[in-house]
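Being a predicted model, the structure only gives us computed values, none of them experimental.
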Amino acid sequence: KMSILAIRPDSEREKAAAYVREMEDGTQEHGFWLHQAKDGKTFEVEIISHALIYAGKRVRLVVAQDISERRNLELQLRQAMKMEAIGRLAGGVAHDFNNLLMVIKGHTELLLNVLPPSDHVARKIEQIDRSADRAAALTRQLLAFSRMQVLQLRVINLNSDRKAHV
């Protein structure tokens with residue numbers, strides 16, 4: 001005669017035996033337990049049990065469902081949700097950082113326009129400008145990681161031959 005304890009791993013048997021002793025007749029039980037396969041591998045099961053009378057004897061019907069695949073899928077979903085959150089965070093940081101870089105780039109451009117190219121301060125400002133360009137490249141990488149679209153800046157001539165229809 002095989003009991004429910006025979007399919008429990010050694011580490012779970014005492015806990016399961018105590019649980020079975022404390023069960024009340026006529027109750028429905030629901031829980032999660034570890035079972036052990038013949039090869040010794042353990043896996044998680046969801047158990048639902050009902051006390052009932054069968055052929056004049058008080059018995060307990062126990063249905064155990066292997067939920068290993070469900071747990072694995074839940075783990076994958078949680079991981080995907082974490083990665084999505086990291087991507088959104090990276091995108092937000094990249095956009096904010098890009099805004100700061102545009103201010104730096106704008107000011108360096110203004111300063112370079114008023115200083116003679118030979119001025120030693122102008123060379124320092126050019127270094128700041130190049131560093132801002134490198135930081136903008138890193139920002140683009142962050143945005144690519146987050147899969148957010150990058151706005152491509154381009155120069156347009158408002159005085160072009162096209163006339164706006166008013």
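Residues Trp33 and Lys15 form a side-chain contact, since some pair of their non-hydrogen atoms from C-beta on lies under 4.5 Å apart. For the pair Arg70 and Glu44, the minimum side-chain heavy-atom distance is 4.5 Å or more. At a threshold of 4.5 Å between non-hydrogen side-chain atoms, the residues Asp129 and Glu109 do not count as touching. Residues Val62 and Ile47 are in side-chain contact: their nearest non-hydrogen atoms beyond the backbone lie under 4.5 Å apart. Looking only at side-chain heavy atoms (C-beta outward), Asn99 and Met102 stay at 4.5 Å or farther from each other. Looking at Gln141 and Leu138, their side chains come closer than 4.5 Å, going by heavy atoms from C-beta outward. Side-chain contact between Val121 and Ile125 is present, with at least one heavy-atom pair separated by less than 4.5 Å. Within the 4.5 Å cutoff, the side chain of Leu110 has no heavy atoms near those of the Val114 side chain.
The two residues Thr139 and Ala94 come nearest to each other via the heavy atoms CG2-O, 3.2 Å. The heavy-atom pair separating Leu143 from Gly91 by the smallest distance is CD2-O, 3.8 Å. Across every non-hydrogen atom of Ala90 and Leu142, the tightest pair is CB-CD2, 3.8 Å. For the pair Leu101 and Ala136, the tightest heavy-atom approach, listed with the atom from each and the gap, is CD1-N, 3.5 Å. Scanning all heavy atoms of the two residues, the minimum distance from Ala122 to Pro117 falls at CB-O, 4.3 Å. The shortest heavy-atom contact between Ala135 and Phe97 is CB-CE2, 3.8 Å.
With Arg123 contributing its side chain and Ser118 its backbone, the two residues share a donor-acceptor pair below 3.5 Å.
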Given Gln36 and Glu12, is the side-chain contact (heavy atoms from CB on, under 4.5 Å) satisfied, shown in steps? CA-CA 10 Å; Gln36 186 170 9; Glu12 294 275 313; over 6 Å; no
How far apart are the C-alpha atoms of Lys105 and Asp133, what are their side-chain angles, what is the distance that settles it, and do they pass the side-chain contact (heavy atoms from CB on, under 4.5 Å) test? CA-CA 8 Å; Lys105 293 281 294 169; Asp133 287 338; 2.5 Å; yes
Between Leu100 and Asp96, does the side-chain contact (heavy atoms from CB on, under 4.5 Å) criterion hold? Intermediate values first, please. CA-CA 7 Å; Leu100 296 170; Asp96 290 345; 5.8 Å; no
Would His50 and Ile48 satisfy side-chain contact (heavy atoms from CB on, under 4.5 Å), going step by step from the backbone distance to the final call? CA-CA 7 Å; His50 299 274; Ile48 299 174; 3.7 Å; yes
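Within 6.0 Å of atom CZ in Phe32, more than 12 heavy atoms from other residues, nucleotides or ligands are found, so the atom counts as buried in its surroundings. Counting heavy atoms of neighbouring residues, nucleotides and ligands inside a 6.0 Å radius, atom CD of Glu69 does not exceed 12 of them. Within a 6.0 Å sphere centred on NE2 of His107, heavy atoms belonging to other residues, nucleotides or ligands number 12 at most.
How far NZ of Lys124 is from OG1 of Thr108: 15.5 Å, rounded to the nearest 0.5 Å. Annotation: the span from Glu126 atom CD to Leu112 atom CG amounts to 5.5 Å, rounded to 0.5 Å.
When the side chains of ILVMFWY residues are joined at heavy-atom separations under 4.5 Å, either directly or via intervening members, Val59 and Leu61 end up in a single hydrophobic cluster.
Ion pairing between Arg71 and Glu74 holds under the 4.0 Å rule for side-chain N and carboxylate O. With respect to the salt-bridge test (charged N to carboxylate O, under 4.0 angstrom), the residues Arg88 and Glu84 qualify.
For the residue pair His30 and Glu46, a side-chain donor N or O sits within less than 3.5 Å of a side-chain acceptor on the partner.
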